[in-house]
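Below, chain A is the first sequence line, B the second, and so on; all start at residue 1. Because the structure is predicted, anything quoted here is derived from the model rather than measured.
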Number of protein chains: 2
Amino acid sequence: MPTISDVARLAGLSRATVSRVINHHPYVSEEKKESVLKAMRDLGYIPNSAAQNLRKQKTNIIAVLVPRLTNPFFAYLVESLEEKAAENGLQILICNTKYDKQRELDFLRYLKSKQVDGVIMASIENRWDVIEGITLSGPIVLCNEYSPEAKVPSVRLNQYQGGYMGTSYLVKQGYTKIGYCWGGILSGLAHDRYHGYEKAMGEKGLPINRNWLFEKAFCIEDGRRIMNKIASMANKPEALFTGSDEVAAGVIAEAKKLGLRVPEDIAVIGFDDQSIAEVIEPGLTTIRQPIAEIGAKTMEVIINLLTDEQIPTKKIYELPLELIVRESS
Amino acid sequence: MPTISDVARLAGLSRATVSRVINHHPYVSEEKKESVLKAMRDLGYIPNSAAQNLRKQKTNIIAVLVPRLTNPFFAYLVESLEEKAAENGLQILICNTKYDKQRELDFLRYLKSKQVDGVIMASIENRWDVIEGITLSGPIVLCNEYSPEAKVPSVRLNQYQGGYMGTSYLVKQGYTKIGYCWGGILSGLAHDRYHGYEKAMGEKGLPINRNWLFEKAFCIEDGRRIMNKIASMANKPEALFTGSDEVAAGVIAEAKKLGLRVPEDIAVIGFDDQSIAEVIEPGLTTIRQPIAEIGAKTMEVIINLLTDEQIPTKKIYELPLELIVRESS
DNA sequence: CTGAAAGCGCTAACAC
DNA sequence: GTGTTAGCGCTTTCAG
């Protein structure tokens with residue numbers, strides 16, 4: 001593996017000049033530039049990035065923390081972040097936290113060990129006070145996440161609006177007995193969304209039945225479980241705000257298995273507008289999240305932080321959600 | 001940000017000793033080890049990984065090339081690779097090629113620039129001769145991919161068996177007019193699978209109708225397109241080997257929209273056994289790929305290559321597929 | 001415009 | 001057991 005010295009020797013120039021060519025510096029004569037380029041080509045030289053990183057004290061890599069890559073929402077988010085990053089000469093390092101506090105902390109250490117220049121947290125498991133110290137090592141931006149105490153920028157969706165919009169729609173369709181599913185994590189997101197649900201219910205004087213609040217609702221299997229629970233109830237909800245297309249899909253699949261009709265026996269509304277939503281029968285009414293937009297905005301924010309080297313402050317960028325009406329409610 | 005020298009100074013010892021503690025070397029007295037550990041804690045010291053990488057000439061990072069992260073197959077594959085990697089103190093760097101030759105080449109350069117120690121290719125876009133030269137910079141292992149000329153290990157599924165098994169099942173169910181969908185890439189995978197289909201058809205003397213061979217079948221939308229094409233044919237296939245659960249889901253969704261019954265009017269068999277397969281109505285008969293197993297095996301192979309520093313040679317590890325029968329055929 | 005030289009932070013011989 | 005020293009490969013002053 002050739003080094004910069006090999007190139008310099010072959011080109012009959014100093015390492016400094018070669019370095020200038022590599023880094024597209026001005027003030028290198030066209031002629032010498034050519035001979036450096038030729039030497040590089042002849043040797044098949046590629047700069048050693050560890051050496052560059054060490055010297056420049058930066059890596060041009062941004063860590064992206066996600067809870068699960070197999071969740072399509074995050075897969076699409078990552079793709080959009082990656083695209084924006086590439087446009088700006090940055091690379092992303094995907095970190096799958098698996099909803100694990102310790103793993104999250106381990107990944108955040110990448111910032112301290114200078115393995116990455118910044119971190120985008122699309123998932124937040126630890127309390128902010130334990131994360132806070134790491135802020136000193138580089139910019140952190142929250143993406144689609146929320147922590148009331150966090151002192152960093154956060155790009156997010158208006159979950160309150162989402163909860164409100166979805167629930168209002170169910171109310172408008174004439175449903176009054178409306179259940180609600182959520183993940184059961186301490187995230188601020190879930191909170192906001194729930195408040196939206198509460199607001200929409202309260203506005204019409206509809207009661208919230210504690211038995212119709214289902215937690216730990218993440219995946220298809222959870223949806224099935226919830227549907228079975230509902231089927232066994234004497235007093236059943238007529239409609240369900242599931243908070244996730246996958247949960248909704250599970251509810252619908254299980255309802256059909258039980259011989260129930262959707263939306264006649266149980267109306268369902270999802271969240272995300274994943275591809276599953278339009279394939280399932282009946283089509284899933286859901287709330288679309290503008291994934292590409294949130295990714296682009298997040299990357300823009302962190303890049304500004306990186307280039308201006310300003311200290312990140314709390315600042316919230318909020319994007320709107322959109323209701324997609326299909327047949328499930 | 002404190003450096004190893006700061007730690008050494010605070011502990012009243014040399015940098016070498018601190019380094020020994022960091023790297024868990026033997027021959028450090030318990031007492032000094034303690035004081036180093038204390039100094040590290042007090043300073044909040046974390047070793048700079050660029051410096052470590054440069055010095056050790058390795059990064060403990062493996063690049064994983066996938067064509068699309070939003071394809072659940074690859075999302076799950078990545079998770080299983082990551083898990084195995086973590087168990088062995090390695091990290092993975094996910095590289096989303098988007099089926100793009102140039103991007104693939106760019107990522108392969110990470111090996112030459114020493115940004116990664118090895119590469120797992122779960123996607124291969126370029127011809128082998130253009131990739132070959134990179135082999136010299138570190139181990140490359142193919143995962144679920146295939147290139148006849150490749151001179152490196154490859155862990156894959158028996159696609160021939162998959163094509164054969166799926167088609168035979170359709171034949172056994174009494175279908176004789178069986179169509180076939182594929183992605184249309186030059187990959188050896190697709191070839192093998194097609195040969196399995198051919199074999200199963202040929203065995204029973206069933207003809208292959210060229211009009212029933214559909215290419216560019218990747219996603220739900222493609223499935224819808226194909227179903228519409230079929231609907232417009234005078235001589236229609238009765239069953240379809242789709243090569244992908246997503247394509248199958250699109251076919252089924254569109255068939256229902258057209259008022260057709262599955263499997264009575266058109267039987268469908270998928271590939272992957274993704275979660276969509278059990279949620280869709282009717283349940284999708286499909287071929288399960290042992291994703292966790294293929295990931296684990298691949299990681300094992302590359303780790304061996306990394307530790308033994310042997311020159312990688314062509315060697316094929318083949319894992320079996322499994323037929324999952326549901327209602328769509 | 002170009003080169004000499006210092007040093008980023010760390011590890012590994014080698015001495016003691 | 002521990003310290004001294006010489007780089008890993010690169011960029012960036014500073015001179016000229």
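- Residue whose closest nucleotide on DNA chain D sits further toward the 5' end, between B/Thr17 and B/Leu54: B/Thr17.
- Between A/Gln52 and D/dG9 there is no side-chain polar atom (N or O) within less than 4.0 angstrom of OP1 or OP2.
- Taking 3.5 Å as the limit, the base of D/dG3 and the side chain of B/Arg20 contain a donor-acceptor pair of atoms between them.
- A salt bridge between B/Glu125 and B/Lys101 is absent, with no side-chain N of the basic residue lying under 4.0 Å from a carboxylate O of the acidic one.
- Listed pair B/Ser29 / D/dT2 meets the phosphate criterion, a side-chain N or O lying under 4.0 Å from OP1 or OP2.
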Item to complete: Determine, stepwise, if the pair A/Lys98 / A/Glu104 fulfils salt bridge (Lys or Arg N to Asp or Glu O under 4.0 Å).
Response: CA-CA 9 Å; A/Lys98 302 185 186 172; A/Glu104 176 171 291; over 6 Å; no
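- At C/dG9, one or more side-chain N or O atoms of A/Gln57 fall inside 4.0 Å of OP1 or OP2 (strictly under the cut-off).
- Residue A/Arg9 contributes atom CZ, which lies 13 Å from atom P of C/dA4 at whole-angstrom precision.
- Nearest nucleotide to the A/Ser14 side chain, out of C/dA4, D/dG9, C/dG9: C/dA4.
- Summarising the geometry of A/Ala150 relative to A/Leu142, their closest heavy-atom pair is CB-CD1, 3.9 Å, with the distance given to 0.1 Å.
- A distance of 4.0 Å separates CG of A/Asp6 from OG1 of A/Thr3, quoted to the nearest 0.5 Å.
- We find that CG of B/Leu43 is positioned 15 Å from C1' of C/dG9, with the value rounded to whole Å.
- For the pair B/Lys56 NZ and C/dA12 P, the computed distance is 6 Å after rounding to whole Å.
- Taking only side-chain nitrogens and oxygens, B/Lys32 comes nearer than 4.0 Å to OP1 or OP2 of D/dT2.
- Close to C/dT11, at under 4.0 Å from its OP1 or OP2, lies a side-chain N or O of B/Asn23.
- Atom P of nucleotide D/dG3 and atom CZ of B/Arg15 are separated by 12 Å, given to the nearest angstrom.
- Taking atom CZ of residue B/Arg55 and atom P of nucleotide C/dG7, one finds them 19 Å apart after rounding to whole Å.
- Following rounding to the nearest Å, B/Lys58 (NZ) and C/dC10 (P) show an atom-to-atom distance of 18 Å.
- Using a 4.5 Å heavy-atom cutoff, the side chains of A/Phe107 and A/Val119 are not in contact.
- For A/Gln115 and C/dG9, the CD to P distance is 16 Å, given to the nearest whole Å.
- Across the protein-nucleic acid pair, B/Asn53 atom CG and C/dG9 atom C1' stand 11 Å apart, rounded to whole Å.
- Of the candidates D/dG9, D/dT12, C/dC10, D/dG9 carries the atom nearest the A/Ala51 side chain, counting heavy atoms from C-beta on.
- Toward the 5′ end of DNA chain C lies the nearest nucleotide of A/Ala16, the other residue of the pair A/Ala16 and B/Thr3 mapping further downstream.
- B/Tyr45 has a side-chain polar atom (N or O) that falls below the 4.0 Å cut-off from OP1 or OP2 of C/dC10.
- The side chain of B/Val28 has D/dT2 as its nearest neighbour among C/dT11, D/dC10, D/dT2.
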